[in-house]
Amino acid sequence: MIVDSPAPAGARSAGRPPDRRVITTVVAIQLASCLGFFAVAAHLVAHLRHDLGLPAGTVGLILGVQVGLQSALLLPVGSITDLLGPRRTGAIACVLRALGFVLLGTVDGVGPLLCAAAVLALGGALYNPAAQCLLAGVGPGRRARGFAGYVAMQHVATVFGPVMGLAILSVGRGFAPLAAAAAALWATGGVLFLLVPHRNPQPAVRRRRELFAGVRTVLGDRSFLLFALAASPTTLLANGMLTAVPLLDFTPAAATLCFCVLAAVAAAAQPFVAAGHRGERPWVLRLGLLCTASCSPPPGCSPSRATCSSAGSSTWARSPRPRP
């Protein structure tokens, strides 16, 4: 698992230029990788449903494998990051993600698509600990800015990635050029990982039992496990938006507009949460969970092209705008 240990004051002072390089490189990796991901994610369901003709249940299975497997692997891959180092782990993650996107653009059977989803899941699980470990290793004076830039680039990519994907679909011939562009962006991220300055040229060799000590610590923390269980539906809801909107037969342009608007609203809320350390207050988390719960559809409303059970009311089923 990733352990952040403070460096001596002299080492932090001497490491300021490399810290700046590390942050800049990781932020650039985040931008390239997230642009590639969201460019494809916003239009993947439409490709599976309309281009390949897969039923909605199969589409849900493919996406569920990717999301579920990636989430399940996040805990143990922290130990792999400790063993290989964040630079090599990040490069491997980007190569796997690039391969996964190539598979998405070239295969059409359910079995190969499930393999592509598994490859994407493994790459995504390796990517997050590697990138965040590099940021956690910079000096305390720059660490917060590094993570702020890291998160900001994800929001930027969430807004502009679907637009980029729509543009490629408009000028390209099908889904394959979009998948190839995403693979190229992730391959660029892999190269950038290898350009991150070495923080510790000769990392200490750790015993196998020490590598998995962090996993045992997490599994033994009952309070954290209860929180993870309570917060897990928010991940499913966020990914469900990428699935539900295209399945409602909206055009790619309408789906892109929906994703971009929602992403922009989420990004606009971040400065308020960050100011005055509001994000550290329990009421902010409670409010966020309550807002998430309020977005569920009303009783009798079906997530399909059919109307709601109330007479003449089909707003939720036909509009990509989330309910307040």
Side-chain angles (χ1 to χ4, degrees), residues 23 26-47 63 67 124 127-128 131-132 135 144-171 178 181-182 185-186 189 231 233-279 281 283-297 303 315-324:
I23 292 173
V26 173
V27 168
I29 293 170
Q30 177 77 337
L31 178 61
S33 302
C34 288
L35 278 176
F37 175 80
F38 287 107
V40 170
H43 306 285
L44 175 60
V45 173
H47 167 65
L63 297 183
V67 175
Y127 170 79
N128 288 290
Q132 294 176 21
L135 292 176
R145 295 181 181 179
F147 276 102
Y150 180 81
V151 174
M153 287 303 103
Q154 179 177 343
H155 287 302
V156 170
T158 307
V159 175
F160 291 102
V163 178
M164 185 184 77
L166 180 62
I168 295 175
L169 286 175
S170 300
V171 301
L178 174 57
L185 286 169
W186 278 90
T234 60
T235 301
L236 299 177
L237 289 173
N239 287 278
M241 182 61 69
L242 296 174
T243 307
V245 174
L247 286 179
L248 296 180
D249 293 332
F250 287 101
T251 63
T256 299
L257 177 62
C258 172
F259 300 144
C260 292
V261 169
L262 294 179
V265 171
Q270 300 306 308
F272 169 80
V273 175
H277 299 280
R278 291 191 185 97
R281 302 174 187 176
W283 68 267
V284 175
L285 178 60
R286 296 191 188 103
L287 180 61
L289 293 174
L290 289 174
C291 289
T292 301
S294 69
C295 295
S296 59
T315 303
W316 183 84
R318 299 183 65 87
S319 173
R321 293 174 294 179
R323 294 178 62 88

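The structure displayed is predicted, hence computed values, not measured ones.
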Identify, with sequence neighbours excluded, every residue that meets side chain to side chain contact (heavy atoms under 4.5 Å, CB included) alongside L31. L35, M153, V156

Taking the inter-plane angle between the rings of Y127 and Y150 on a 0 to 90° scale, is it parallel (under 30°), tilted (30 to 60°) or perpendicular (over 60°)? parallel

With a 3.5 Å cut-off and sequence neighbours excluded, list the donor-acceptor pairs that the side chains of residues 259-267 form with protein atoms.
none

With H47, which residues qualify under side chain to side chain donor-acceptor pair (under 3.5 Å), at least two apart? D51

Does atom CZ of F160 have more than 12 heavy-atom neighbours from other groups under 6.0 Å away? no

Spatial distance of atom [atom1] ([X]) from atom [atom2] ([Y]) [nearest 0.5 Å]:
{"X": "M164", "Y": "F38", "atom1": "CE", "atom2": "CZ", "result": "11.5 Å"}
{"X": "I29", "Y": "L185", "atom1": "CD1", "atom2": "CG", "result": "13.0 Å"}
{"X": "C34", "Y": "W186", "atom1": "SG", "atom2": "CH2", "result": "6.5 Å"}

Taking all heavy atoms of H43 and all of P162, pick out the closest pair and write down the distance. NE2-O, 3.1 Å

